A.B. asks: 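The structure under discussion is supplied below as structure tokens; questions concerning it will follow.
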Amino acid sequence: MEDRADPPIEYDLPMKRLIFAAVALVVLVAAATPSDVAPVLEVQGFFVEAGSNADVDAVEDAVVEARFEGGTLSVAVLAVEPAGGATIFAGNTLDEMGGIGTVYVVAPETVGWASEGDIYTEEQLAEATEASLDGESDTEVVELFVATLIDAPVGAAEPGGGGGLPWGWILLFIVVVGGVFVFWRMRRSSKRL
């Protein structure tokens, strides 16, 4: 009986691309952990995971603006939702960093923060988080958070969410115009009598 080795498998170009895409997907899906993120935050103050839609330069600028005001804010933008959500991830990351400062995390489905020994109060951080929910992209979420936190424009964001329609003023205008119209109609009908 003759020993025959199977011929080596030769992949054509489309198959090679498919294999490469599968490997790339596995690498992208591997979520960052607090121990991965903390050293980067300690060095540069921000972390933007590949696959998120955040503009790295805009996130860096926002962190610089916040730190210029005297706080030690660090921002992490994740491409994959962490187990337990952004707030748990922020707390674990802050612990990895020694437990002092403020970490704000933007994930695909949640945002959250952890802070200890920094200049920001819980009320300021909660207000900034609430304002950040108006952002339509990861970049806008970060800019709104920082703008509200430091009460100054950051990038395209105004403090407190800015932008949008001023519904209060529109409602006031409608009430005033409606009141003037009713008054005019009443005066006009009283003149007919």
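As the structure is a prediction and not an experimental result, all values here were calculated from the model.
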A.B. asks: Should V105 and L41 be regarded as members of a common hydrophobic cluster, given that ILVMFWY residues are connected when their side-chain heavy atoms come within less than 4.5 Å of each other, either directly or indirectly?
C.D. replies: yes

A.B. asks: Report the residue from L78, N53, V59 that forms a side-chain contact (heavy atoms from CB on, under 4.5 Å) with D138.
C.D. replies: N53

A.B. asks: Under 4.5 Å between side-chain heavy atoms, hopping through other hydrophobics if needed: is there a path connecting V103 to V40?
C.D. replies: yes

A.B. asks: Which heavy atom of A152 sits nearest to which heavy atom of P159, and what is that distance?
C.D. replies: N-CG, 3.4 Å

A.B. asks: Around atom CD of E96, are there more than 12 heavy atoms from other residues, nucleotides or ligands closer than 6.0 Å?
C.D. replies: yes

A.B. asks: Give the C-alpha distance, both sets of side-chain angles, the deciding distance and a yes or no for side-chain contact (heavy atoms from CB on, under 4.5 Å) between V146 and V63.
C.D. replies: CA-CA 8 Å; V146 175; V63 169; 5.9 Å; no

A.B. asks: Side-chain contact test, heavy atoms from C-beta onward, threshold under 4.5 Å: evaluate it for T129 versus W113 and give yes or no.
C.D. replies: yes

A.B. asks: Ignoring hydrogens and geometry beyond distance, is a side-chain donor-acceptor pair present between T139 and D55 at under 3.5 Å?
C.D. replies: no

A.B. asks: Is there a donor-acceptor contact under 3.5 Å linking the side chains of E81 and T110?
C.D. replies: yes

A.B. asks: Using the rule side-chain contact (heavy atoms from CB on, under 4.5 Å), only one of V154, L133, V111, L125 pairs with F145; which is it?
C.D. replies: L125

A.B. asks: To the nearest 0.5 Å, what is the distance between CD1 (I119) and CG (L149)?
C.D. replies: 7.5 Å

A.B. asks: Looking just at side-chain N and O atoms, do S132 and Y104 make a donor-acceptor pair shorter than 3.5 Å?
C.D. replies: yes

A.B. asks: Using side-chain heavy atoms (C-beta onward) and a distance below 4.5 Å, is V56 in contact with F46?
C.D. replies: yes

A.B. asks: Please report the shortest heavy-atom distance between A58 and E143, naming the atom on each side.
C.D. replies: CB-OE2, 3.7 Å

A.B. asks: Under a 3.5 Å distance rule, please check whether Q124 uses its side chain to pair with a backbone N or O of T121 as donor and acceptor.
C.D. replies: yes

A.B. asks: Cut-off 3.5 Å, side chains only: do T33 and D36 have a donor facing an acceptor?
C.D. replies: yes

A.B. asks: For T72 versus G101, what's the shortest heavy-atom pair and its separation?
C.D. replies: OG1-CA, 3.2 Å

A.B. asks: Minimum heavy-atom separation for T148 to A128, with atom names?
C.D. replies: CG2-CA, 3.7 Å

A.B. asks: Inspect the surroundings of CD in E42 and state if more than 12 heavy atoms from other residues, nucleotides or ligands are less than 6.0 Å away.
C.D. replies: yes

A.B. asks: Rounded to the nearest 0.5 Å, what separates atom OG1 in T102 from atom CE in M97?
C.D. replies: 9.5 Å

A.B. asks: Which heavy atom in V141 sits nearest to a heavy atom in V106, and how many Å separate them?
C.D. replies: CG1-CG2, 3.8 Å

A.B. asks: Would you indicate whether the side-chain heavy atoms of D118 and I100 approach each other to under 4.5 Å?
C.D. replies: no

A.B. asks: Between T93 (side chain) and F89 (backbone), is there a donor-acceptor pair under 3.5 Å?
C.D. replies: yes

A.B. asks: When you group the ILVMFWY residues by side-chain heavy-atom contacts below 4.5 Å and let the links chain together, are Y120 and V142 in the same group?
C.D. replies: yes

A.B. asks: Identify the two heavy atoms, one from A86 and one from G112, that lie closest to each other, and give their separation to 0.1 Å.
C.D. replies: CB-N, 3.4 Å

A.B. asks: Quick one: CD on E122 to CD on E127, what's the gap to the nearest 0.5 Å?
C.D. replies: 14.0 Å

A.B. asks: Please check: side-chain N/O of E49 versus main-chain N/O of A79, any donor-acceptor pairing under 3.5 Å?
C.D. replies: yes

A.B. asks: Quick check for you: to the nearest 0.5 Å, what is the distance between L73 atom CG and E65 atom CD?
C.D. replies: 12.0 Å

